[in-house]
Every structure is written in C-alpha cells, then in structure tokens.
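This report concerns only the one structure given below.
Side-chain atoms are counted along with the backbone in the values below, which use heavy atoms only and exclude waters and symmetry mates. Worth saying up front: this structure is predicted, and the values here are computed from it rather than measured. Nothing fancy with the numbering, it's 1 onward along the sequence.
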Amino acid sequence: MMKSICFDMAEKFMKNYQYKEAFKEYRKLIEEYSLDDISIAEAYNMLGVITIIDKNIEVIDDTGLFYFKQALNYDPNNIGALLNVVLTFGNSFENHLDFLLTEQCINKILSLNVELSDLEKKNLDEKRILINQLKENSI
C-alpha cells in the first residue's frame, strides 16, 4: 500500500515539475520498500529521466546512464530504459558514448516487437548511423 502511495507521489511531483522531490520519492521506493524487479526497474528508469531533465540534482551520473543500466539489470525488457539509453547516446559531449550498450539496446528494442512511434523509429535509425560513424572515426 505505501509503495503505491510513493509511486503516486513521485508521479505527482513529476507532473508538477518538482523533480527534486520526485527523485527523492523514487529513491525512497528503491531503498525502503520490497518491490518486484519490474517496479524497481521503473523507479531507476525515472531516476535517469529526472537526471537528464534537472541538472541541479546531485546524482551519480549526469547522463542518466547509471540509472538506466540499473533499470535494465532488474528488467532487461524495460522499454523505457532501453529507449532512454538509445536516445541519450551522443546527444552532447556530456552524454554517454557507450557504443556496445547502445547497440545492444537497439537490438533488444527491435527484438521485443513493441510498437514504436515514427519519431522513436527515426531516433533508432539516427543513433545506429551515429554509432557507425563514431566507430569508423575511432579506428
């Protein structure tokens, strides 16, 4: 019951652009409640999202990648975390450049046969091209 209230509170904070408070609620969920793996993965994914949105929150990793990886450790099929790894790849110098993980996430997304928006499909294609370009330049 309490974990449901915490998820609701975190979502309410997100909707109200109160990212610091939402971040605290998601961490509280992970640290204080016995959650199933899917719920833990969702909480970690949201920590990563908040990390990207609000640069004023002190976090382990400014790119969100640490949190997205944690989410995928608990639920390798978490589509939100998979997409977030791909979408944050190479967006700026600050963002992650983990080629291997990003390729794995793209392949996993495609293997799950989830319905993607045209924008998501376009982003996957663009990131795949970017990976190939960066690989060629690093050889």
Side-chain angles (χ1 to χ4, degrees):
M1 179 75 170
M2 272 308 279
K3 69 180 176 183
S4 169
I5 293 170
C6 285
F7 265 113
D8 291 345
M9 284 297 296
E11 289 174 15
K12 181 180 175 186
F13 287 135
M14 288 294 291
K15 287 179 185 173
N16 291 320
Y17 309 103
Q18 296 173 293
Y19 302 119
K20 188 173 186 176
E21 291 80 4
F23 193 88
K24 288 178 188 175
E25 286 298 315
Y26 285 117
R27 286 197 53 178
K28 182 177 173 182
L29 279 160
I30 293 166
E31 293 169 1
E32 296 181 17
Y33 295 98
S34 296
L35 301 175
D36 59 87
D37 286 354
I38 291 172
S39 297
I40 294 171
E42 191 53 36
Y44 271 119
N45 182 52
M46 291 308 298
L47 290 175
V49 169
I50 294 167
T51 297
I52 293 167
I53 294 172
D54 190 342
K55 296 294 183 188
N56 295 317
I57 296 174
E58 282 199 31
V59 293
I60 295 170
D61 168 27
D62 289 342
T63 68
L65 186 60
F66 170 83
Y67 299 106
F68 300 140
K69 283 181 176 180
Q70 291 297 323
L72 294 171
N73 284 337
Y74 284 94
D75 178 11
N77 296 326
N78 183 296
I79 192 68
L82 289 165
L83 284 168
N84 287 328
V85 167
V86 174
L87 296 177
T88 59
F89 177 80
N91 282 345
S92 73
F93 182 73
E94 298 170 348
N95 292 110
H96 80 85
L97 291 174
D98 190 328
F99 300 101
L100 182 59
L101 177 63
T102 304
E103 280 183 311
Q104 290 171 342
C105 288
I106 290 170
N107 293 333
K108 183 70 169 183
I109 291 166
L110 296 174
S111 75
L112 291 173
N113 293 320
V114 295
E115 191 169 325
L116 300 171
S117 70
D118 290 339
L119 181 59
E120 289 167 332
K121 290 175 190 173
K122 181 181 176 207
N123 280 321
L124 291 180
D125 289 340
E126 288 173 355
K127 298 302 176 161
R128 188 171 281 188
I129 291 167
L130 177 60
I131 289 169
N132 290 332
Q133 290 171 342
L134 291 170
K135 278 183 174 178
E136 288 174 11
N137 291 337
S138 66
I139 295 176

Run the side chain to side chain contact (heavy atoms under 4.5 Å, CB included) check on Thr51 and Phe23 step by step: do they pass? CA-CA 8 Å; Thr51 297; Phe23 193 88; 4.0 Å; yes

For Leu112, does the CG atom sit with more than 12 other heavy atoms under 6.0 Å from it, leaving out its own atoms?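 Yes - once you tally the heavy atoms of other residues, nucleotides and ligands closer than 6.0 Å, there are more than 12.
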
Is it the case that over 12 heavy atoms from other parts of the model lie below 6.0 angstrom from the CD atom of Glu58? no

Atom [atom1] of [X] and atom [atom2] of [Y]: how far apart are they, to the nearest 0.5 Å?
X: Ile30; Y: Glu42; atom1: CD1; atom2: CD; answer: 10.5 Å
X: Leu29; Y: Met46; atom1: CG; atom2: CE; answer: 11.5 Å
X: Asn78; Y: Phe68; atom1: CG; atom2: CZ; answer: 10.0 Å
X: Asp54; Y: Tyr19; atom1: CG; atom2: OH; answer: 8.0 Å
X: Gln18; Y: Ile50; atom1: CD; atom2: CD1; answer: 11.5 Å
X: Ile40; Y: Asn45; atom1: CD1; atom2: CG; answer: 13.5 Å

Run the side chain to side chain contact (heavy atoms under 4.5 Å, CB included) test against Lys121 and tell me which residues pass, sequence neighbours left out.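 Expected list: Leu116, Asp118.
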
Could you check if a side-chain atom of [X] sits within less than 4.5 angstrom of a side-chain atom of [Y], using non-hydrogen atoms only?
X: Phe89; Y: Asp98; value: no
X: Asn84; Y: Cys105; value: no
X: Ser39; Y: Phe7; value: yes
X: Asp75; Y: Asp37; value: no

Check whether Lys108 reaches the backbone of Pro76 with its side chain - one donor and one acceptor, N or O, closer than 3.5 Å.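 Between the backbone of Pro76 and the side chain of Lys108 there is no qualifying donor-acceptor contact (under 3.5 Å).
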
Would you sort out whether Lys15 and Glu11 count as a salt bridge (charged side-chain N to carboxylate O under 4.0 Å, His left out), showing the intermediate values? CA-CA 6 Å; Lys15 287 179 185 173; Glu11 289 174 15; 5.3 Å; no

Does the side chain to side chain contact (heavy atoms under 4.5 Å, CB included) test come out yes or no for Leu65 and Leu101, once each step is laid out? CA-CA 10 Å; Leu65 186 60; Leu101 177 63; 3.5 Å; yes

Apply side chain to side chain contact (heavy atoms under 4.5 Å, CB included) to the pair Val49 and Tyr26, showing each step before the final yes or no. CA-CA 11 Å; Val49 169; Tyr26 285 117; over 6 Å; no

Side chains of Asn56 and Lys20: donor-acceptor distance under 3.5 Å anywhere?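 The answer is no; no qualifying pair exists.
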
Assess, by modelled atom type and distance only, whether the side chains of Asn123 and Arg128 contain a donor and an acceptor separated by less than 3.5 Å.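 No, no side-chain donor-acceptor pair sits under 3.5 Å.
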
Side chain to side chain contact (heavy atoms under 4.5 Å, CB included) between Leu130 and Thr102, worked out: CA-CA 11 Å; Leu130 177 60; Thr102 304; over 6 Å; no

